[in-house]
Enquirer: 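Take this structure, written in structure tokens, and hold onto it; I'll ask about it next.
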Amino acid sequence: MFDFTDFTEDQIKRYSRHIILPEVGGKGQKKLNNAKILVIGAGGLGCPAIIYLAAAGIGKIGVVDMDVVDLSNLQRQILHTTNDINKLKTLSVKEKVTALNQDVEIIQHNKKITSENALEIIKDYDVIIDGSDNFPTRYLVNDACVFENKPLIYGAIFRFEGQVTTIIPNDGPCYRCLFPEPPPPGMIPSCQEAGVLGVLPGIIGVIQATEAMKYILNIGNLLKGRMLLYDALRMEFQEVNVPKDTNCPVCGKNPTITKLIDYEEFCGLKKENESKH
Amino acid sequence: MKVKVKLYGDFLRQGPEESIVELQDGSTVEELLKHFEISERNYIIILVNLKRSWFEGALKDGDTVSIFSPVGGG
């Protein structure tokens, strides 16, 4: 029987709708309260993921973002307001989360995640949520999570489409099993160049938060080995089975990538820098 | 044989959102991609009847083929 003396009266009330779920209960809520989740990017995907994780009482949420809030973000990055323009995104997030739930500690990582710092940043967290907005970061985070054996909830959006999958290193495929190398710079336009429907990252970011919570609670079936494809125009979800690739360059039997790589994009030219793993 | 083809994302440049394509019996996914003049072979996900398929995968009458590309925005 779970010992409810671990909770305050307010906490029992705040989390009561979780606690009455048999799949969560007091024990599960305590796991959420003790969990440490890292969210990379406080943008379209990060904002909805963070606010639901904060509402759920995740004990520590790390947020990686070096940007300040821009007026063009506000159409979809729902934690930031007009008053936050030019404020650090991580600070804007911290203010909103603190107002919602003081059980949650926000760790601000006001920096770009690179091959130099990625392993250091992710090492203290239980689950990593990738809400970044570019392929170089996505590959870096995938590889870092494989090296550090961290579960990674991958989500990405573009125009009216979203893609989401859960990567459990050593127990399923990684992102490179599906796409071994990043697309050449310029081949796939960014949201900045091609637009994105404002509500789309809300749907995908909330699915990412759901997966992270399920992982912490050890309930249900994760999107492991499956990628969910969402099309807002058709209002369709489709699912792709993603098998683990034994020849995967990072998680296969004979990996060729053993160090983190910074894939940089400068005016359509790619520059690769390797640094020590 | 006839297959239903659904294009997503950037592949919408190569054809309509949804179409019925007539192919010779025994055709493969590769032949279907050629029909749409899709040259991309790395950054592409192909589903046949909602199951992942590869370029050499054989198609049959009545199949539904969905063609996606990776997305990276956040």
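We name chains A, B, ... by the order of the sequence lines, and we start the count at 1 in each one.
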Enquirer: Taking all atoms of both residues into account, what is the closest heavy-atom pair of B:R52 and A:L178, and its distance?
Expert: NH1-CD1, 3.2 Å
Enquirer: How close do A:Y154 and B:V71 get, heavy atom to heavy atom, and via which atoms?
Expert: OH-O, 3.3 Å
Enquirer: Is there a side-chain contact between B:P70 and A:Y175 in this structure, where contact means two heavy atoms from C-beta onward sitting under 4.5 Å apart?
Expert: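 Contact flag for B:P70/A:Y175 side chains = yes.
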Enquirer: Nearest 0.5 Å please: distance from the CD atom of A:Q238 over to the CZ atom of B:F68.
Expert: 4.0 Å
Enquirer: Return the CD to CD1 distance between A:Q163 and B:I45, rounded to the nearest 0.5 Å.
Expert: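 Reported value, rounded in 0.5 Å steps: 5.0 Å.
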Enquirer: Checking heavy atoms, do the side chain of A:Q208, its backbone, both or neither come under 4.5 Å from chain B?
Expert: neither
Enquirer: Any sub-3.5 Å donor-acceptor pair from B:Y8's side-chain atoms to A:Y230's backbone N or O?
Expert: no
Enquirer: With a 3.5 Å distance limit and no angle check, can you tell me whether A:R76 reaches the backbone of B:G74 through a side-chain donor-acceptor pair?
Expert: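 Not confirmed, A:R76 side chain does not pair with B:G74 backbone.
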Enquirer: As an exercise, state the distance from CZ of A:R159 to CG of B:L12, rounded to the nearest 0.5 Å.
Expert: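 That separation rounds to 7.5 Å.
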Enquirer: Around atom CG of B:D61, are there more than 12 heavy atoms of other residues, nucleotides or ligands at under 6.0 Å?
Expert: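 Check passes, neighbour count above 12.
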Enquirer: Find the one option among A:G41, A:P201, A:S132 whose heavy-atom pairs under 4.5 Å with chain B are most numerous.
Expert: A:S132
Enquirer: Within a 6.0 Å radius of atom CZ on B:F36, are there more than 12 heavy atoms belonging to other residues, nucleotides or ligands?
Expert: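 It does: B:F36 CZ has more than 12 such atoms within range.
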Enquirer: Please report the shortest heavy-atom distance between A:F179 and B:I44, naming the atom on each side.
Expert: CE2-N, 3.8 Å
Enquirer: Minimum heavy-atom separation for B:K6 and A:R234, please, with both atom names.
Expert: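 Minimum heavy-atom separation between B:K6 and A:R234: CB-NH2, 3.9 Å.
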